[in-house]
Amino acid sequence: MNVCVLPRKDNPKLSYIELLQEDFQKKPTKTQENLKADEESEDKSETLSIKKHGYFPSNILYSIPKEFIVAADLGGQPISIEMAVELKKILFGNTFYTFNYEWKKSFFKFCNPFTNMAYSLEAEKTGTRAIQMAVQGHIIKYLLFTKNGDEHSSLQNLQELSQKQQEKALAAALADILWTAGERNKATICLITNDPYFTQGPDYKADNFTERLQLFEFVDKEILEKFLCAHIYCFKNDGCHGVILFLYSLLFSRTLLRLQDDLDITTTHLLQFSLGNFSARQALINLMLTGRASPQVFNGDQVSDEGNTEHQARHGVLVRSDVGFLHWSREEMQQDRLPRVGSMLKTPKFPIWLCNINGTYSVLFGTNMSLLCDWKMEHFFDLYFYNGQLSQSKTVHLTIDTHSHHWEEQSKADEGDIEKRFPSVEMTVRTKWDGAAINWHGTVPFY
């Protein structure tokens, strides 16, 4: 069995699958009810400190419900202080920042099973939304295109899912992202143990979370996915800090050395701090979509005119991604600084796009694979839109017409709010299909 996990010390005869089954039986059914109230109190003090000092305090303790803590002898590799230092540097640019309450409370939460929105993750308007929506794109990929092989897909594949099917889809999506980041031959899962493996040092301030990581390394994707299925409760339940655990797993799957090589002179770390919160830089978005943390959205690497050294190169996208990316911002367009997304991201392998619309992330997708390989299909076709918010009670159906070219005349006839005249979702679609007319089928345009 190609997986670097050791058997339990108390019973070395247990097989790995038996260990998975044993651990799966411990799956929690209840979380701490008062965790949110406790951490909201912490968050208020953090916010005051941010306003006063401009940084996050590093002495805020993480509170993890014990049902999400794995046994220390499960067989993973304990994190070292050297690994933790490099991990925080690649994330924050220093070793003294820590995640705030908005990040700590974030996990991968599905909408109710057995509903039309059962496929969808709920994503709040915080810095973690980009990560949740990138995972959402891969969940849709699994449910529509890879779950049943070449079987014809339809919107029905996303609906009426059971909780078990939701968990399987999430495990498959996480495994796919991690496996790609590990160059399709290795991946790492980070889980939390009860006790820290080291204490605070001169170049590192402890947060009582990162110091408790155990790393499980896999060289077989099937075993990786089984392990994720068995421990999916560590990523999808309130209080589990699931988004942070996935982020840590992603960085260790890519390896910290590779991440340094991926970045360029424009980007030295993966998270940026603004408006009181950390948000994902483009390099982190590209890492989840392509497996490489390239900071640019154009195709290939480009060398600046000022020199021709490797250190001055700007790193773009080298391969066609499974899930694509579209970007549109009204402010950037008005200032003539809208980035030009290259074809590697605009034309992915599957008709699914993570969209950055005015700084807010959502997902646009189709059900017809021919849309990406037959230009005739691009004349008139259907897409679907989901923005990750509870306020969206149904998947929005859009019909795209690339031959009518009447959208400009319609927008000129509409007076008043510029968003009504030029809806941001429509402008995003037109970065891929220039001049397209878009029918919302009665839904009021939003993003």
Side-chain angles (χ1 to χ4, degrees), residues 3-6 8 16-17 19-33 35-36 39 61-79 84 87 99 103-110 121-123 128 131-132 134-136 138-139 163-179 181 187-197 207-218 221 223-253 288:
V3 56
C4 302
V5 178
L6 303 177
R8 291 183 184 274
Y16 178 72
I17 297 301
L19 285 174
L20 288 182
Q21 293 171 342
E22 178 185 352
D23 199 72
F24 186 74
Q25 291 172 357
K26 299 177 181 178
K27 184 177 179 179
T29 58
K30 184 179 180 182
T31 60
Q32 286 185 345
E33 297 176 356
L35 174 66
K36 182 175 180 179
E39 292 201 345
L61 299 182
Y62 280 68
S63 177
I64 304 289
K66 60 183 179 182
E67 53 263 41
F68 304 133
I69 297 173
V70 300
D73 60 354
L74 187 59
Q77 174 192 357
I79 190 171
L87 176 65
F99 290 108
W103 277 81
K104 289 187 282 183
K105 75 174 184 177
S106 294
F107 59 102
F108 298 103
K109 180 183 181 182
F110 279 96
L121 295 175
E122 297 177 12
T128 63
I131 297 175
Q132 291 164 315
V135 171
Q136 178 72 81
H138 284 83
I139 289 172
Q163 180 178 328
K164 191 72 176 176
Q165 290 172 319
Q166 289 177 330
E167 293 173 352
K168 173 65 176 174
L170 177 58
L174 298 182
D176 205 35
I177 295 171
L178 299 178
W179 192 247
T188 298
I189 302 293
C190 294
L191 297 177
I192 294 298
T193 57
N194 195 51
D195 298 316
Y197 292 107
D207 56 30
N208 198 35
F209 178 79
T210 307
E211 307 82 46
R212 296 157 60 188
L213 289 179
Q214 233 186 59
L215 283 62
F216 299 84
E217 189 175 275
F218 298 86
K221 187 181 180 182
I223 300 301
L224 165 70
E225 194 169 324
K226 287 181 180 178
F227 186 86
L228 274 168
C229 282
H231 296 86
I232 200 65
Y233 57 88
C234 294
F235 299 89
K236 66 171 288 287
N237 285 305
D238 191 13
C240 68
H241 301 56
V243 169
I244 298 176
L245 277 181
F246 167 69
L247 178 57
Y248 282 174
S249 301
L250 178 65
L251 303 192
F252 281 118
S253 293
M288 291 184 287

Below 4.5 Å, heavy atoms only, C-beta onward: do Leu215 and Ile189 meet side chain to side chain?
no
Which distance, rounded to the nearest 0.5 Å, do you find between the CG of Leu247 and the NE2 of His241?
13.5 Å
Could you tell me which non-hydrogen atom of Leu224 sits nearest to which non-hydrogen atom of Ala187, and how far apart they are?
CD2-CB, 3.8 Å
When rounded to the nearest 0.5 Å, the distance separating SG of Cys190 from CD1 of Ile244 is 12.0 Å
Is there side-chain contact between Ile232 and Leu174, with at least one heavy-atom pair below 4.5 Å?
yes
Does the distance from a Lys or Arg side-chain N to an Asp or Glu carboxylate O, for Lys105 and Asp238, drop under 4.0 Å?
no
Closest heavy-atom contact between Phe107 and Cys240?
CB-SG, 3.7 Å
side-chain contact (heavy atoms from CB on, under 4.5 Å) partners for Glu211, two or more places apart:
Pro196, Phe198, Tyr204, Ala206, Asp207, Asn208
Heavy-atom check, side chain of Leu178 versus side chain of Thr188, under 4.5 Å:
no
Tell me which one of Ile192, Thr210, Leu191 satisfies side chain to side chain contact (heavy atoms under 4.5 Å, CB included) with Tyr248.
Thr210
The reported gap from CD in Glu122 to CD in Gln136 (rounded to nearest 0.5 angstrom) is 10.5 Å
Is it true that the side chains of Glu167 and Gln163 contain a donor and an acceptor less than 3.5 Å apart?
yes
In terms of heavy-atom contacts, His231 and Leu74 come closest through NE2-CD2, 3.9 Å
Find out whether Leu213 and Leu245 are in side-chain contact, i.e. whether some heavy atom of one side chain is under 4.5 Å from a heavy atom of the other.
yes
Which heavy atom of Gly76 sits nearest a heavy atom of Gln214, and at what distance?
N-OE1, 2.9 Å
Side chain to side chain contact (heavy atoms under 4.5 Å, CB included) between Glu225 and Phe227, intermediate numbers included:
CA-CA 5 Å; Glu225 194 169 324; Phe227 186 86; over 6 Å; no
Gap separating the CZ atom of Phe209 from the CZ atom of Arg212, nearest 0.5 angstrom
8.0 Å
For Phe108 against Gly242, the heavy-atom pair lying closest together
CE1-O, 3.8 Å
Could you report the tightest heavy-atom contact between Ile79 and Tyr197, atom names first, then the distance?
O-CB, 3.7 Å
Gap separating the NZ atom of Lys221 from the CH2 atom of Trp179, nearest 0.5 angstrom:
8.0 Å
At what distance, to the nearest 0.5 angstrom, does CG of Asp176 lie from CG of Leu228?
11.0 Å
